[in-house]
Amino acid sequence: QQTMNEHYRYLMNPGNEAAELRSFVFKWYFIGNARQLLVNLTQVPLVTYGYLAVRHGDISTGRELARAYGDIIRRRELSGVELDLLSQGVREGFIDQSLVTELAAASHGEVLQRMRAKGTLSQQVGRLSDLGLWPFRWSEGVNRRVSFLAAIRLEQLKGNIDPKSLFLAGREAVQSTQAE
């Protein structure tokens, strides 16, 4: 019985036995592979478009996704309702947080290990890793904001002006199409 309990505890919490290898593989895949950024940027046209088009039609969806891309990338001013809803999404953690962010954190090893003092070389490697992951984090943020904004705008075109239901429609679009 004791052996089975120990085996179960190990399976549920294997520890940090391969943290350095996981970290290397993660960084190689996302930093050393520029194609990964391009694949991520196809998520909205290939996944979000289909999700929204089924609900709102092809032309309206294409128009609102293009408009949302322009507004997010060029940092155009959004309406007060859009800003409030987007801010709420950021606070609730689904606009800026994602599975990819969690994987990135996990790839760096244990929290205590990351908090201990490091040498100059380790600090420089960490900075380079953060810099190398920036394009992927940026594209994730753009994808989520565009999906959210287009979804709430499409709902508004249907006459929906209730902020709560607009928010739910935007959140559902992000969670259904952005690898949650």
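No experiment lies behind these values; they were computed from the predicted model shown.
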Worksheet item: With sequence neighbours excluded, what pairs up with Ala173 under the side-chain contact (heavy atoms from CB on, under 4.5 Å) test?
Response: Tyr51, Leu52, Ala151
Discussion item. If the condition is side-chain contact (heavy atoms from CB on, under 4.5 Å), which residues does Ser165 pass it with, not counting sequence neighbours?
Written reply: Asn160, Asp162
Fill in: Non-neighbouring partners of Arg145 that pass salt bridge (Lys or Arg N to Asp or Glu O under 4.0 Å), sequence neighbours left out
Asp96
Worksheet entry | Under 3.5 Å donor-acceptor, Arg144 side chain and Val174 backbone | no
Worksheet entry | Residues in side-chain contact (heavy atoms from CB on, under 4.5 Å) contact with Val81, at least two apart in sequence or another chain | Ser79, Leu85, Gln156, Leu166
Worksheet item: Does atom CG of Leu38 have more than 12 heavy-atom neighbours, drawn from other residues, nucleotides or ligands, at distances under 6.0 Å?
Response: yes
Discussion item. Working to the nearest 0.5 angstrom, can you tell me the gap between Asn143 CG and Ile72 CD1?
Written reply: 11.0 Å
Worksheet item: For Ser139, what residues pass the side-chain contact (heavy atoms from CB on, under 4.5 Å) criterion, not counting sequence neighbours?
Response: Leu37, Asn40, Leu41, Phe136
Worksheet entry | Selection residues 76-85 - residue pairs positive for salt bridge (Lys or Arg N to Asp or Glu O under 4.0 Å), sequence neighbours left out | Asp71-Arg76, Glu82-Arg153
Worksheet item: Can you hop from Ile152 to Ile73 via hydrophobic side chains spaced under 4.5 Å?
Response: yes
Item to complete: Could you pull out the closest heavy-atom pair between Tyr69 and Pro45, with the gap in Å?
Response: OH-CD, 3.8 Å
Worksheet item: Any salt bridge (Lys or Arg N to Asp or Glu O under 4.0 Å) pairs touching residues 166-179, not counting sequence neighbours?
Response: Glu92-Arg171
Worksheet item: Taking the inter-plane angle between the rings of Phe94 and Phe148 on a 0 to 90° scale, is it parallel (under 30°), tilted (30 to 60°) or perpendicular (over 60°)?
Response: tilted
Item to complete: Identify the two heavy atoms, one from Leu78 and one from Leu83, that lie closest to each other, and give their separation to 0.1 Å.
Response: O-CD1, 3.8 Å
Worksheet item: How far apart are the C-alpha atoms of Ser147 and Gln178, what are their side-chain angles, what is the distance that settles it, and do they pass the side-chain hydrogen bond (donor to acceptor under 3.5 Å, both in side chains) test?
Response: CA-CA 8 Å; Ser147 299; Gln178 300 302 307; 3.2 Å; yes
Practice prompt. For residues Ala68 and Ala150, report the shortest heavy-atom separation together with the two atoms involved.
Written response: CB-N, 4.1 Å
Discussion item. Starting from Val39, can I reach Trp138 by hopping between I/L/V/M/F/W/Y residues whose side chains sit under 4.5 Å apart?
Written reply: no
Worksheet item: Which distance, rounded to the nearest 0.5 Å, do you find between the OG1 of Thr61 and the OH of Tyr49?
Response: 6.0 Å
Discussion item. Considering only residues two or more places apart or on different chains, which pairs with a residue in residues 47-70 satisfy salt bridge (Lys or Arg N to Asp or Glu O under 4.0 Å)?
Written reply: Glu64-Arg67
Worksheet entry | Partner of Val44 by side-chain contact (heavy atoms from CB on, under 4.5 Å), out of Val146, Thr177, Val142 | Val146
